[in-house]
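Please read the structure below before turning to the comments.
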Amino acid sequence: VLLAISLAIASCPQVPGAPAPDREAGRATENVILVTLDGVRWQEIFGGADPALLDKESGGLKDVELVKKLAWRETAAERRELLMPFLWTVVAKQGQLWGNVERGSEAVVTNGLNFSYPGYHELLAGFPDPRVDSNDKKVNPNETLPQWLARREGLRGRVAAFASWDTFAWILPEREGLYVNAGMEPVLVGEPNARQALLNELMADVTPPMDEVRPDALTFHSALEYLKAQKPRFFYLSLDETDDFAHQRRYDRVLQTLQTTDRWLRTLWETAQSIPQYRGKTTLLVSTDHGRGSTPADWPDHGKDTPGADHIWLAVLGPDTPPLGELAGSEKIAQNQIAATVAALLGEDYGAAVPRAGLPLTAVLAHTRPGK
Ligand SMILES: [Zn+2]
């Protein structure tokens, strides 16, 4: 009986409440998971541990030999796979990786400021705004993509965001149809399962090592429980610790966090593939809000006066994205294009509603039927 019902639903696009994929464009994606890792450099994504920073002075390493054992190999290809095995054994083979400057693939921030709030604003709204010029807790003057999606048919109530940085409550204010969980905020949606109950307890008990930031492990595991229970169609996960450790000039901790984060990306992806709503119908995008300096002196820094801090990167994996792997000699792409790309994957035309948003990335969406 169950099989007959699901077949009937599958063959009938008019079923009320069923997701409405962009059938005209022939896309398979019905769900999007967007992850950002704060202030992660393209240098680590594409080169793994940076040899210039593996010491006590420039990298602030506590135990140089231990870090080398965990993250050092002779070639950049070995180092990056050791640092981020999911990115390099799965995404690089089945998806796309943009932003390796050394191979002529550039991904840039266009807001000119190269720090967090302006970056998240550009990424989520699809355009920079000169009024967004600080990390202060000020309500975002613009609507962003998650809020816009939460007003769309078939997406209302199915849009959610989890962030380590508490300021996301201002960057991305919650509204009807959109759930936002930011900073040390317990998850009180529905009946928390045993795992979430413990995570909520830890949020009450842990003294956060960083001001304004929930430890990423609490954010990630809460997000994962939410994904499994609520099954949002657009899910945004914003992790933060990479930036905090970089500002502290603790390259060892940056590397450790990246290795852990890569493991979480794999868990997120494999969990999604184990759930019928997501299996084969979900696109994962991973990016960052800004880059950082490129020298042993200025790598902890970023901002408008730090050369190279405008360079970011983008990873995409999903059924509509051709497996181009690591892009080389590609078109230059920008942070302001991510919002419209996410919308297009969900069958929505963000540019029609927000004309100043950057254009969708056609190379990410190339698995579409001609004729639209
Ligand atoms: Zn940042």
Side-chain angles (χ1 to χ4, degrees), residues 34-45 50 53 99 107-138 140 142 144-146 161-172 180 182-184 208-217 219-220 223 236-251 253-258 260-261 264-265 285-294 298-315 334-336 338-339:
L34 170 67
V35 182
T36 54
L37 318 178
D38 201 296
V40 170
R41 306 191 311 166
W42 66 269
Q43 286 93 333
E44 275 69 40
I45 296 293
D50 185 339
L53 306 182
V108 294
V109 164
T110 71
N111 60 62
L113 296 173
N114 311 333
F115 62 86
S116 295
Y117 196 152
Y120 291 119
H121 175 277
E122 177 175 341
L123 197 152
L124 295 173
F127 56 90
D129 182 337
R131 290 174 296 175
V132 178
D133 62 356
S134 84
N135 281 343
D136 296 348
K137 290 182 169 60
K138 287 189 204 159
N140 195 329
N142 300 298
T144 60
L145 176 79
F162 276 71
S164 291
W165 191 24
D166 64 2
T167 305
F168 268 91
W170 286 263
I171 298 172
L172 179 52
V180 177
M184 280 291 203
M210 256 83 69
D211 289 332
E212 305 185 338
V213 177
R214 170 169 56 191
D216 283 342
T219 305
F220 169 73
Y236 174 43
L237 170 62
S238 171
L239 301 172
D240 196 273
E241 279 171 2
T242 40
D243 184 71
D244 300 294
F245 292 136
H247 281 299
Q248 295 169 5
R249 198 180 279 275
R250 283 297 303 272
Y251 195 56
R253 294 193 157 191
V254 170
L255 296 175
Q256 187 184 343
T257 304
L258 280 172
T260 305
T261 301
W264 290 343
L265 292 174
L285 297 95
V286 190
S287 191
T288 188
D289 54 336
H290 52 80
R292 326 191 72 85
S294 56
D298 74 357
W299 75 269
D301 305 326
H302 58 89
K304 63 178 168 48
D305 299 325
T306 306
D310 58 333
H311 276 84
I312 59 167
W313 48 273
L314 172 69
Q335 191 173 43
N336 64 12
I338 294 174

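As the structure lists them, so they are numbered: ligands from 1, and atoms in each ligand from 1.
Residue contacts to the Zn ion (ligand 1): Asp289 brings an N, O or S atom closer than 2.8 Å. In summary, Ser116 places an N/O/S atom under 2.8 Å from the Zn ion (ligand 1), meeting the contact criterion. In summary, His302 places no N/O/S atom under 2.8 Å from the Zn ion (ligand 1), failing the contact criterion.
Of the candidates Asp298, Asp243, Asp301, Asp243 is the only one forming a salt bridge (Lys or Arg N to Asp or Glu O under 4.0 Å) with Arg292.
Considering just the N/O/S atoms of Asp38, the one nearest the Zn ion (ligand 1) carries the name OD1.
Ring geometry for His302 against His290 counts as parallel: the plane angle stays under 30°, on a 0 to 90° scale with 60° as the upper cut. Ring-plane geometry between Trp264 and Phe220 is classed as parallel, the angle between the planes falling under 30 degrees on a 0 to 90 degree scale with a further cut at 60.
More than 12 heavy atoms of other shown residues, nucleotides or ligands fall within 6.0 angstrom of atom CD in Glu212.
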